[in-house]
Amino acid sequence: MESQKLDALIVGAGFGGVYQLKKLRDAGFHVKLIESGSDYGGVWYWNRYPGARVDSAIPVYEFSDPALWKDWHWTQRFPGSAEIRAYFKTVADKWDLRKDTEFNTYVNSAIWNDESKTWRVSTANGKVFTTQFFLPNTGFAAKRHTPDFKGIDRFKGTWVHSSYWPKEEPYLKGRKIAVIGTGSTGLQLTQDLAPLASEFVLFQRTPNLALPMKQEEYPPGSETQCIPGEAYPALFAGRAESYAGFDFSFMPVKTFDHDEKERQETYQKLWDHGDFRFWLATYQDMLFDDRANTEAYNFWRDKVRARLDDERLKDKFAPMEKPHAFGCKRVSLENGFYELFNKKNVHLVDVNETPITEVTPAGIKTTEKEWEFDYIVCATGFDAITGGILQMNVEGINGLKLKDKWMDGTKTFLGLSVADFPNMFFTYGPQAPTAFCNGPSCAELQGTWIVDLLSSMRQKKQEVVNASAEAEKTWAESIWAIANTSLIPTTKSWYMGDNIPGKRREPLIYLGGVPTYYSTINECASKNYEGFRFS
Ligand code: N01
């Protein structure tokens with residue numbers, strides 16, 4: 001089969017992929033972007049369920065290029081998924097991306113050829129690419145997870161996974177609706193669907209310790225949207241200085257450095273601000289010290305319990321004893337979520353107490369009763385972080401399969417590359433600050449580093465780059481060591497691979513924070529890319 005020959009092939013048209021397409025093309029590379037969806041947006045292309053919206057406040061959640069932000073106006077502090085897709089269309093037009101993008105193109109395999117020193121990438125629609133550099137930008141949520149619910153295919157109503165929402169909006173008003181899962185998606189769906197439904201049931205396995213979003217409207221035509229444009233460049237530059245790539249960071253104070261009064265006032269201020277500040281701009285020991293963590297949880301718990309009428313619901317959503325370390329499972333932002341359960345037709349089922357036994361033609365059967373539904377939404381998440389890259393069937397030197405290499409533990413160098421998988425670099429993947437880094441921030445920080453490396457190789461006439469096994473081993477070990485200083489491993493979450501039956505339990509994320517990560521990858525570059533071998 002005739003293949004398209006390229007310098008670089010990017011997979012995935014989310015923030016990471018489109019940024020690298022623009023930058024590599026500007027640097028003179030012959031580059032192409034392929035994407036399995038039919039438009040730009042990445043997770044925002046796929047996640048179009050009712051209520052889907054970002055929980056990073058703008059303007060931090062966008063590219064720093066003034067050619068983009070100068071004329072762009074968001075209409076909300078936390079824009080919805082459709083508005084983010086519209087933003088991507090503007091990016092595609094202004095950066096002239098379409099001529100180098102192929103949609104509806106799903107990668108079946110990517111195989112390194114050690115003789116030609118190229119990757120051969122084959123796709124489900126019969127295309128073949130031969131490329132010097134292979135750049136997966138598949139993000140952390142490319143492989144959806146639907147638990148194996150017995151009988152689900154016999155269900156007479158409609159069931160969907162949240163990230164595969166029908167393009168033609170289903171008519172849901174007055175219907176009986178179930179949502180399974182209480183992650184960010186389950187909460188957002190509940191907020192939009194519970195008010196429509198005649199009967200609504202949320203199936204919860206673990207409570208989501210959600211924070212108030214404090215949405216704001218920025219009507220079209222208004223002059224500014226929270227901060228003036230002159231402040232943008234400093235704000236974007238500051239993302240590299242923030243633990244999670246935002247425009248805020250942890251306070252340089254520990255929880256018990258403050259007395260009770262000052263601590264409560266501090267919590268209240270963070271609470272009132274909305275967004276992730278109560279999680280990621282709070283006392284610096286909150287994610288690292290259990291007593292500090294419990295103090296934050298107790299404040300959160302009392303706020304939430306006060307919003308619920310029913311004692312049982314108080315204990316289910318916000319138990320007196322913390323159910324897990326606060327902030328060690330992805331915190332979500334909510335808008336009136338808890339109050340919805342004060343209504344008679346909105347129910348919570350705790351699947352630990354009354355497990356789902358099967359899906360029947362009429363609905364969902366638990367050990368307690370059978371619930372009837374017209375519509376079931378599985379908001380059951382993703383094979384996060386590693387799933388997207390592994391499902392592409394990647395093979396490195398001597399036919400080494402990535403899934404075999406990672407069988408006894410994920411190993412990367414700098415969360416960007418894998419030894420014996422030469423000329424392959426990914427963003428927002430395993431062992432990088434992924435998920436603890438605002439998406440566009442990491443797209444730019446990691447993307448720039450990758451483009452600089454490729455440009456440097458071209459200048460030095462180097463063909464192949466491969467991470468050394470020793471450097472990779474050291475990096476992989478440091479991931480556990482850093483994680484063990486935090487409370488993250490104490491909690492079951494997709495950060496640790498816990499949500500997928502049979503998946504290895506390990507910290508999938510670099511938890512040292514964006515500033516340390518950024519200085520580490522930059523130091524590697526400044527030392528002639530120490531830890532990499534070139535030929
Ligand atoms: O997925 P999740 P998500 N029976 O994995 C439950 C980002 N995001 O789509 O917690 C019953 O978080 C599972 O239970 P448990 C964000 O980073 C961002 O919600 O494992 N329940 C959990 O409650 C987010 O973290 C935005 O015990 C089962 C839920 O399903 C990430 O995407 C919006 C089950 C899955 O939650 C993923 O979020 C949306 C079973 N067999 C998403 N299996 C914004 O920016 C799983 N569950 C706002």
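Every number for a ligand or one of its atoms is a count from 1 in the order of the listing. Computed from a prediction, not measured in an experiment: that's the story for all the values here. Hydrogens, waters and symmetry mates play no part in the numbers below; they use all other heavy atoms, side chains included.
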Which residue and non-hydrogen atom of the protein lie closest to [atom], and at what distance in Å?
atom	value
atom 11 (C) of ligand 1	Ile180 CG2, 3.9 Å
atom 17 (O) of ligand 1	Arg330 NE, 3.2 Å
atom 5 (O) of ligand 1	Trp494 CD1, 3.5 Å
atom 44 (C) of ligand 1	Arg53 O, 3.2 Å
atom 38 (O) of ligand 1	Thr185 OG1, 3.8 Å
atom 46 (C) of ligand 1	Arg205 NH2, 3.6 Å
atom 1 (O) of ligand 1	Gly381 CA, 3.2 Å
atom 32 (O) of ligand 1	Phe140 CZ, 3.5 Å

Polar contact flag for [X] and ligand 1 (N/O pairs, less than 3.5 Å):
X	answer
Thr182	yes
Thr206	yes
Ser162	no
His145	no
Ser184	yes

Cationic tip of [X] above [Y] ring, under 6.0 Å, 45° of axis:
X	Y	value
Lys369	Trp371	yes
Arg144	Trp46	yes
Arg239	Phe236	no

Under a 4.0 Å threshold between the charged nitrogen and the carboxylate oxygen, would [Y] count as salt-bridged to [X]?
X	Y	answer
Lys411	Asp408	yes
Arg277	Asp275	yes
Asp350	Lys316	yes
Asp302	Lys314	no

Proximity of [X] to ligand 1 by residue part, where a heavy atom lies under 4.0 Å:
X	answer
Lys492	neither
Tyr49	side chain
Ser493	neither
Gln204	neither
Phe203	neither

Residue [X] vicinity, atoms of ligand 1 by number, heavy atom under 4.0 Å:
X	answer
Lys329	10 (O), 15 (P), 20 (O)
Val54	45 (O), 48 (C)
Gly181	6 (C), 23 (O), 29 (C), 30 (O)
Asp55	44 (C), 45 (O), 48 (C)
Pro147	34 (C), 40 (C), 41 (N), 43 (N)

Phe78 heavy atom under 4.0 Å from ligand 1
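It does not; every heavy atom stays at 4.0 Å or beyond.
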Establish, yes or no, whether a centroid distance under 6.0 Å links the rings of [X] and [Y].
X	Y	value
Tyr510	Phe436	no
Tyr61	Trp74	no
Tyr375	Trp165	yes
Phe326	Phe278	yes

Can you figure out which of Cys378, Ala379, Gly139 has its heavy atom closest to atom 35 (C) of ligand 1?
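Of the listed residues, Ala379 has the closest heavy atom.
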Please check if the side chain of Ser441 supplies one atom and the backbone of Gly245 the other of a donor-acceptor pair under 3.5 Å.
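Yes, the answer is positive, given that a donor and an acceptor are paired below the 3.5 Å cut-off.
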Asp285: what forms a side chain to side chain donor-acceptor pair (under 3.5 Å) with it, not counting sequence neighbours?
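By the side chain to side chain donor-acceptor pair (under 3.5 Å) rule, Asp285 matches Thr255.
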Parallel, tilted or perpendicular, judged at 30° and 60°: which one describes the rings of Tyr87 and Trp72?
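The rings of Tyr87 and Trp72 stand perpendicular, inter-plane angle above 60°.
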Can you find a heavy atom in the side chain of Phe373 that is under 4.5 Å from one in the side chain of Val359?
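The answer is no, as the side chains (C-beta and beyond) never meet within the 4.5 Å cut-off.
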